[in-house]
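Just so we're clear, the structure is a prediction, and the values are computed from it rather than from any experiment. So you know, we letter chains A, B, ... as the sequences are listed, proteins then strands, and number each from 1. All values below come from the heavy atoms of this structure, side chains included, with hydrogens, waters and symmetry mates left out.
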Amino acid sequence: ETGVTQTPRHLVMGMTNKKSLKCEQHLGHNAMYWYKQSAKKPLELMFVYSLEERVENNSVPSRFSPECPNSSHLFLHLHTLQPEDSALYLCASSQSTSGAETQYFGPGTRLLVL
Amino acid sequence: SQQGEEDPQALSIQEGENATMNCSYKTSINNLQWYRQNSGRGLVHLILIRSNEREKHSGRLRVTLDTSKKSSSLLITASRAADTASYFCATDEGSNYKLTFGKGTLLTVNP
């Protein structure tokens, strides 16, 4: 285990549903990330939080809404998703947002949008 | 252009053989990292090599970095079936905090 947990592990939702993904890190890190991993595509960085402030929003559609209430928790709120949003969503954390830092990943949430 | 492109896309070997995966990138970097991902799981950090380092070892892993060629290689010696996974390189983009990942190499080690 990497010290980063994600729930749920699997999620099936319709295009009109609203759901949230949760990530928690037990490492005392100050930076947290959301990534999207689709088949045959590189890992895509979605959001970066540093000390609970969003420092990166990588041109992500507004149907994805992140929330970072404290440095240990990160949420990704989902609404009105499209089938092409089906993917593995990975959360990661690191000590800081320095590019030299190792990132620790959670196991991911496998999302299927019908 | 995509940073951190791995080569080959897929590699199949027998247990006990060595596996070599390569990564190329296009701009200057401060460090390069290798990660491993078991099917449908999160990524696990393997090793980080800084731009002023040429080689680094960790157990059965050996990573080299050639900044003049903008390339890195990951060598897994005496492979085991449990090494079956996708391997990704990731580069930083200089002064900012992003890690940019390649598409990965899928390694299959046959028992």
Atom CD of A/Gln82: over 12 foreign heavy atoms under 6.0 Å: yes
Shared hydrophobic cluster, A/Leu27 / A/Leu90 (ILVMFWY, side-chain heavy atoms < 4.5 Å): no
Spacing of CG belonging to B/Asn31 relative to CD belonging to A/Glu101, to within rounding of 0.5 Å: 9.5 Å
Enumerate donor-acceptor pairs with a distance under 3.5 Å from any side-chain N or O in residues 58-66 of chain B to protein atoms, sequence neighbours excluded.
from    : atom 1 : to      : atom 2 : distance (Å)
B/Arg60 : NH1    : B/Thr77 : O      : 3.0
B/Arg60 : NH1    : B/Ala78 : O      : 3.3
B/Arg60 : NH1    : B/Asp83 : OD2    : 3.0
B/Arg60 : NH2    : B/Asp83 : OD1    : 2.9
B/Arg60 : NH2    : B/Asp83 : OD2    : 3.2
B/Arg62 : NE     : B/Glu55 : OE2    : 3.2
B/Arg62 : NH2    : B/Glu55 : OE1    : 3.3
B/Thr64 : OG1    : B/Ser73 : OG     : 2.6
B/Asp66 : OD1    : B/Ser68 : N      : 3.0
B/Asp66 : OD1    : B/Ser68 : OG     : 2.5
B/Asp66 : OD1    : B/Lys69 : N      : 3.2

Distance (rounded to the nearest 0.5 Å) between A/Thr97 OG1 and B/Leu99 CG: 11.0 Å
Contact origin within B/Gln37 toward chain A - heavy atom pairs under 4.5 Å: side chain
Minimum heavy-atom distance between B/Phe101 and A/Pro42, given as atom pair plus value: O-CB, 3.5 Å
Stepwise side chain to side chain contact (heavy atoms under 4.5 Å, CB included) test for A/Glu44 and B/Thr100: CA-CA 8 Å; A/Glu44 300 173 58; B/Thr100 304; over 6 Å; no
Within 6.0 angstrom of B/Arg50 CZ, more than 12 heavy atoms from elsewhere: no
Distance in Å, A/Gln37 CD paired with B/Phe88 CZ, rounded so as to fall on 0.5 Å steps: 5.0 Å
Reported OH-to-OG1 distance for the pair B/Tyr35 and A/Thr102, which is rounded to 0.5 angstrom: 5.0 Å
Derivation and outcome, side chain to side chain contact (heavy atoms under 4.5 Å, CB included), residues A/Arg9 and B/Arg41: CA-CA 10 Å; A/Arg9 294 294 310 279; B/Arg41 306 278 299 182; 3.3 Å; yes
Atom pair OH (A/Tyr35) and CG (B/Leu43), whose distance is rounded to the nearest 0.5 Å: 9.0 Å
Within 6.0 Å of OH in A/Tyr104, more than 12 heavy atoms from elsewhere: no
B/Arg80 atom CZ, neighbour heavy-atom count above 12 within 6.0 Å: no
Heavy atoms of other groups near B/Lys56 NZ, more than 12 under 6.0 Å: yes
